[in-house]
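Any value given below was found using the heavy atoms of this structure, including those in side chains, with hydrogens, waters and symmetry copies removed.
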Amino acid sequence: MNAQELGSFIASIRKERNMTQKDLALKIHVTTQAVSKWERGVGLPDINTLEPLAAALDIEVDELMLTQRHTTSTNDAQNNPTTAYSGTLNGCHCAYSIISNSNTYLS
């Protein structure tokens with residue numbers, strides 16, 4: 001996970017939500033200095049903080065990990081919404097989609 005990229009992503013989503021660093025820190029029970037370090041790319045959130053952080057930003061944990069928002073399209077064959085993901089995680093390019101009305105995961 002690239003600390004600079006994650007930090008920029010956290011800052012942009014936080015700002016979209018009209019939250020201050022203090023607001024975010026209070027929601028996830030960390031210091032404002034921790035949020036500042038993440039956003040500057042100086043440090044990374046603890047693994048136990050990822051889920052509360054994603055929830056506070058109203059995004060999914062995988063969006064946070066991939067530093068990319070989900071895109072939703074329509075699967076014409078089944079007329080089901082499909083969510084597509086693409087990104088780099090630990091140097092590995094990943095792309096996959098999930099059809100929302102089934103438990104089928106496509107990669």
Side-chain angles (χ1 to χ4, degrees):
M1 183 181 309
N2 180 310
Q4 292 284 343
E5 188 177 334
L6 179 63
S8 294
F9 185 72
I10 292 169
S12 69
I13 300 297
R14 176 183 58 76
K15 290 172 186 174
E16 273 180 32
R17 305 288 188 254
N18 295 312
M19 295 170 58
T20 64
Q21 288 181 339
K22 183 177 182 177
D23 294 334
L24 180 57
L26 288 171
K27 281 187 173 197
I28 61 174
H29 309 290
V30 299
T31 65
T32 54
Q33 291 86 354
V35 174
S36 176
K37 284 182 181 182
W38 303 337
E39 291 186 358
R40 290 182 291 126
V42 176
L44 293 168
D46 182 86
I47 193 160
N48 296 319
T49 307
L50 294 178
E51 191 171 341
L53 177 58
L57 295 172
D58 195 29
I59 60 174
E60 300 293 328
V61 173
D62 61 334
E63 290 177 295
L64 185 61
M65 298 290 295
L66 294 171
T67 64
Q68 184 172 348
R69 301 300 307 268
H70 294 168
T71 57
T72 303
S73 62
T74 301
N75 181 335
D76 293 331
Q78 297 177 353
N79 200 26
N80 290 327
T82 302
T83 303
Y85 309 88
S86 178
T88 303
L89 182 60
N90 293 330
C92 175
H93 184 74
C94 305
Y96 58 95
S97 62
I98 299 173
I99 299 172
S100 66
N101 290 336
S102 76
N103 292 329
T104 305
Y105 296 90
L106 307 171
S107 60

Report task. Report yes if some heavy atom in the side chain of L6 is under 4.5 Å from a heavy atom in the side chain of L64; otherwise report no. Result -> yes

Report task. Check for a donor-acceptor pair, side chain of S36 on one end and backbone N or O of T32 on the other, with a separation under 3.5 Å. Result -> no

Query raised in the report: About how many Å separate CD of E39 and CD of Q21, when rounded to the nearest 0.5 Å?
Result: 4.5 Å

Requested in this report: Taking the side chain as every heavy atom from C-beta outward, state whether I59 and R17 have any atom pair closer than 4.5 Å.
Outcome: yes

Query raised in the report: Is I10 reachable from L26 through a run of I, L, V, M, F, W or Y residues, each pair having side-chain heavy atoms under 4.5 Å apart?
Result: no

Report task. Check whether any side-chain heavy atom of D23 lies under 4.5 Å from a side-chain heavy atom of R14, and answer yes or no. Result -> no

Requested in this report: Drop me the distance from L50's CG to D62's CG, to the nearest 0.5 angstrom.
Outcome: 11.5 Å

Report summary line: Between the CG atom in L44 and the CG atom in N2, the distance rounded to the nearest 0.5 Å is 8.5 Å

Requested in this report: Identify the two heavy atoms, one from G43 and one from A3, that lie closest to each other, and give their separation to 0.1 Å.
Outcome: O-CB, 4.4 Å

Report task. Report yes or no: does S8 contribute a side-chain atom to a donor-acceptor pair with the main-chain N or O of E5 at less than 3.5 Å? Result -> no

Report task. Using a 4.5 Å cut-off on heavy atoms from C-beta on, say whether the side chain of L57 contacts that of L24. Result -> yes

Query - Heavy-atom closest pair, residues R40 and Q4 - result: O-NE2, 3.3 Å

Requested in this report: Decide if atom CD of E51 counts as having more than 12 heavy atoms of other residues, nucleotides or ligands within a radius under 6.0 Å.
Outcome: no

Query raised in the report: V42 and F9: same hydrophobic cluster, using ILVMFWY side-chain contacts below 4.5 Å?
Result: no

